[in-house]
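Here is the structure we will look at.
Fair warning: this is a prediction, and the values are worked out from it, not measured in the lab.
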Amino acid sequence: MSTILLNLDFGGSPPKKALEGNAKHRKFVKKRRLLEQKGFLNKKKQTPSKVSKLHSEPPKKGENVRVDGTWKIPPLSRKKTPAPSTGSGLSLDKKTAVPWLTPAPSKKVNSVAAKVDLLGEFQSALPKIKSHPTRSQKKAPQKKNPPQNNATQNSTRNHLENKCSGASQKLPGKMVAIDCEMVGTGPKGHVSSLARCSIVNYDGDVLYDEYILPPCHIVDYRTKWSGICKKHMVNATPFKIARSQILKIILGKIVVGHAIHNDFKALQYFHPKSLTRDTSQIPLLNRKANCPENATMSLKRLTKQLLHRDIQIGKGGHSSVEDAQATMELYKLVEVEWEQHLAQNPPKN
């Protein structure tokens, strides 16, 4: 009987195709890791189950095992650092502690006191900046005047108010006196037309004195009273030009005159009553001159009685400059009392 020999291999070697597949896979994984380390490929995010299947091969030299079964390759370093003394079982994916980046021991953040403490520590670490004072702080406190100064100021103010009420209108620069001389025009020379005008300031200085040519033909020169002759009209200023010049001087000023409504009528102008002072309508002057208060006294008589001088004398006629100066002097005699009366009883325009 012939002997039967059986050649059985119980080693269970894998098929050739399977071995070739594992070698290709290992080559692919090795090449991919090399490209990922050099930065040519981004690391593929995979689930732990798939990663464990892909990396199921045994660890190589220099690799550590993670908890999920994957492998972690340590980063390349130029200098070798000594291994920590805590043991080799620690994972390398933890960050190394840096002293200036390491936070302080954690407190209970959930509590309100801990949040306040952290905020206080942060604010105390900031550099202190000097705050500039605001505008309201820059203003120095106002010094209170002592009661004596206030009393002095009040007494001075009362004195000024009593002397001249309405100080804005009583300044000498805001006051003038005017006087006009007329000639006869129109039918039989009954119309009074402006032929001369003189204006003086508070001190009696002449501001304006011109002969004026009326727009109508002169019938009567009235030389006995006006002092105007035919020769004065040769180079006289035309009425329209003279009127504009006069109004520029008297506008906005207190105008003093005697029977001043006649002067304004010749100027074809109306001045506000609050800025008009007519010495023929001031009862105080009549009282000082021992004349009836309601009577209209002439400028010549008032000047004689109160200023003790004669005006409007001789055959040469009146001088408008002399009359305007006398009018201003008469007004000064009763200025304080008359202005107080007007302040209490202001005239209506």
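Linking Ile, Leu, Val, Met, Phe, Trp and Tyr whenever their side-chain heavy atoms come within less than 4.5 Å puts V334 and Y202 in one cluster.
No side-chain donor-acceptor contact under 3.5 Å links K188 to the backbone of V219. At distances below 3.5 Å, at least one donor-acceptor pair connects side-chain atoms of H258 with backbone N or O atoms of M297. A donor-acceptor pair under 3.5 Å is formed between the side chain of H271 and the backbone N or O of K253. The backbone N or O of M175 sits nowhere less than 3.5 Å from a side-chain atom of R277 that would complete a donor-acceptor pair. Panel note: side chain N286, backbone P292; a donor-acceptor pair is recorded below 3.5 Å. No donor-acceptor pair under 3.5 Å is formed between the side chain of T327 and the backbone N or O of G257.
Put simply, the side chain of P215 does not reach to within 4.5 Å of the side chain of K240, judged on heavy atoms. Residues I212 and I246 meet the side-chain proximity criterion, which asks for heavy atoms closer than 4.5 Å. Residues L251 and Y269 meet the side-chain proximity criterion, which asks for heavy atoms closer than 4.5 Å. Side-chain contact between L284 and R287: present, with at least one pair of heavy atoms (C-beta onward) separated by less than 4.5 Å. Contact check for V255 versus V176: side-chain heavy atoms found under the 4.5 Å cut-off.
Between the side chains of Y331 and E339, at least one donor N or O lies within less than 3.5 Å of an accepting N or O. Using a 3.5 Å distance cut-off with no hydrogens or angles, the side chains of D323 and Q312 do pair a donor with an acceptor.
Listed here is the closest heavy atom pair of T223 and I228: OG1-O, 2.7 Å. Minimum heavy-atom separation, A177 to A324: CB-O, 3.5 Å. Nearest heavy atom pair, residue L299 against residue T303, reads O-OG1, 2.7 Å. Considering every non-hydrogen atom in both T296 and S280, the closest pair reads CG2-CB, 4.1 Å.
Counting non-hydrogen atoms of neighbouring residues, nucleotides and ligands closer than 6.0 angstrom, the CG atom of D205 exceeds 12 such neighbours. Heavy-atom neighbours of N345 CG from other residues, nucleotides or ligands within 6.0 Å: above the threshold of 12. Counting heavy-atom neighbours within 6.0 Å of K288 NZ, excluding the residue itself, gives a total of 12 or less. Counting heavy-atom neighbours within 6.0 Å of K265 NZ, excluding the residue itself, gives a total of 12 or less.
Aromatic ring pairs are classed by plane angle as parallel below 30°, tilted from 30° to 60° and perpendicular above 60°; the pair Y211 and H232 is parallel.
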